[in-house]
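All of these numbers come straight from a predicted model, not from anything done at the bench. Sequence lines set the chain letters: A, B, ... in the order given, protein chains first and strands last, and positions in each chain run from 1. Both backbone and side-chain heavy atoms feed into the values below; hydrogens, waters and symmetry mates do not.
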Amino acid sequence: MQVTVLSDDDLVTARREGRLMAGQLGFSASEATLVATAIAELARNMVVHARHGEIRLGAVNDSRRRGITIVARDQGVGICGAKRAPQAGYPAGAGLGLGLPGVKRLMDEFDIACETGRGTTITATKWRPQ
Amino acid sequence: MSVTVLWSKAASRALSTAGGNSEQAKNATLAERYWEILQAYLADGSEASLSRGYELARQAMVEGCGVLELAEIHDASLRRLRAESRTEERLLRATSAFFAECLSPFEMSHRGAQEGARALRHLNEVLESELKRIAHVLHDQASQLLASVHIAVVDVANEVPPQARTRFEKVEQLLAQVEAELRNLSHEWRPTVLDNLGLLPALEFLAQNVAKRTGIPVIVTGEAGTDVRLPGTVETALYRIVQEALNNAIKHAAARSVWIELQYLPYLVTCSVRDDGRGFDAGREPKALGLGLTGIRERVNALGGSLRLVTTPLNGTTLQASIPLGD
């Protein structure tokens with residue numbers, strides 16, 4: 001499942017698909033809400049900061065559990081863009097733990113891969129509680 | 001993404017006291033927007049409506065709205081639904097789902113705060129163990145090295161002609177002084193007495209050392225019951241606070257005497273440091289004090305305590321830290 005994120009409407013689509021998939025994988029409604037929240041924050045980041053982004057959703061398995069993985073990829077100036085270092089005008093944030101740090105805390109696994117000039121890929125996984 | 005001010009204490013107060021200018025209040029208050037979007041969600045059940053609710057609550061939170069205020073607003077919506085006799089199971093379920101969505105940013109923030117508190121505790125522990133290590137190195141290794149130098153100097157002094165000897169004696173005296181200061185410093189930095197005997201003996205030890213070093217009497221009073229042990233984090237924090245306050249009193253306030261008082265209640269520990277120095281205008285903290293006081297405040301806040309600073313020019317300063325004991 002893949003959603004191209006250019007606008008607030010795409011953000012809504014990504015959330016809806018994430019919630020749906022989480023439900024199908026057996027997550028509870030409140031866990032599915034947290035998955036939707038994580039997607040919303042990732043998509044929000046793309047709408048605000050990146051020129052183009054896409055979010056892919058997929059089911060994952062290991063030997064004993066199932067989960068959902070969100071892969072958020074943006075192109076061009078992502079969070080790692082060299083010209084977009086914090087001193088170049090990133091909001092310092094109100095320290096409320098929203099945005100990417102919030103996503104990390106809502107999910108079980110979180111990874112950021114940057115390729116300067118080519119964009120950023122964020123991979124986040126939430127496992128279903130046993 | 002459009003941004004409008006959704007919520008402010010001033011706006012909601014104005015609304016509740018004056019009844020509110022209808023148009024402006026309608027746009028300005030979170031409650032109305034919440035109700036509006038909830039209506040939309042109950043009508044269409046769409047992800048777009050949920051997303052609007054989420055963004056509304058997210059921004060309200062950024063603007064300072066608390067979780068209880070949001071709960072109140074949600075409750076008002078529920079009452080409104082009941083007044084309209086819209087109480088079918090389906091609607092109530094959807095209303096709950098909408099509320100959960102709006103709570104989600106608060107959940108994220110809550111997890112962040114918990115993580116932050118854990119990190120702060122850990123950082124403090126690391127800092128303390130580093131201090132312990134440095135104190136240990138100073139005490140054991142540096143002191144030993146100095147002692148060897150001392151012995152070597154004495155050796156050389158014995159071999160030089162008598163007229164040069166007095167100059168060596170002077171060096172010896174200075175070396176003895178450096179050794180004593182190093183010993184005192186390393187003890188004060190991380191006194192083993194704090195770990196082994198507790199806060200009150202550690203404060204007494206600190207007071208003695210400071211008095212010896214500066215010539216300013218430091219009087220420690222422990223009320224009944226202050227001989228029991230407190231959690232390590234509280235003992236360390238209070239020790240550091242007193243250390244900093246003493247430093248301020250002597251270095252910046254030109255105190256002639258300092259009094260330290262410790263009092264334990266079943267649920268609260270209070271420690272005050274009072275001096276008869278020059279005091280200052282509490283509204284304008286002198287720059288020299290700023291950093292130290294900030295450090296004291298942070299330590300107190302990290303433990304959920306409060307800090308009182310009573311001072312006026314020429315009338316000395318009292319700093320009182322109160323730390324609650326609990327889970």
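- Taking 4.5 Å as the limit, every side-chain heavy atom of A:Arg105 sits out of range of all side-chain heavy atoms of B:Gln114.
- Of the two parts of B:Leu103, neither the backbone nor the side chain holds a non-hydrogen atom closer than 4.5 Å to a non-hydrogen atom of chain A.
- Residue with the most contacts toward chain A among B:Ala97, B:Ala113, B:Ala48: B:Ala48 (heavy-atom pairs, distance under 4.5 Å).
- The OG1 atom of A:Thr33 sits 12.0 Å away from atom CZ of B:Phe98, with the distance rounded to the nearest 0.5 Å.
- Interface remark: A:Ala40 contributes side-chain atoms only to the contact with chain B (heavy atom separation under 4.5 Å).
- In terms of heavy-atom pairs under 4.5 angstrom with chain A, the leader among B:Glu115, B:Glu107, B:Met61, B:Met108 is B:Met108.
- Per-residue heavy-atom pair counts under 4.5 Å with chain B were compared for A:Gly102, A:Ala36, A:Ala38, and the maximum is reached by A:Gly102.
- With a 4.5 Å cut-off on non-hydrogen atoms, A:Ser30 does not touch chain B at all.
- Taking 4.5 Å as the heavy-atom cut-off, none of the residues of residues 116-131 of chain B approach chain A.
- Residues B:Val62 and A:Leu96 share a closest heavy-atom pair of CA-CD1, 3.5 Å.
- For A:Arg65, the salt bridge (Lys or Arg N to Asp or Glu O under 4.0 Å) test picks out A:Asp62, with sequence neighbours left out.
- Residues passing the salt bridge (Lys or Arg N to Asp or Glu O under 4.0 Å) test with A:Arg15 are B:Glu47, B:Glu101, sequence neighbours excluded.
- Within residues 74-96 of chain B, no residue has any heavy atom closer than 4.5 Å to a heavy atom of chain A.
- The nearest pair of heavy atoms linking B:Arg111 to A:Leu106 is NH1-CA, 3.7 Å.
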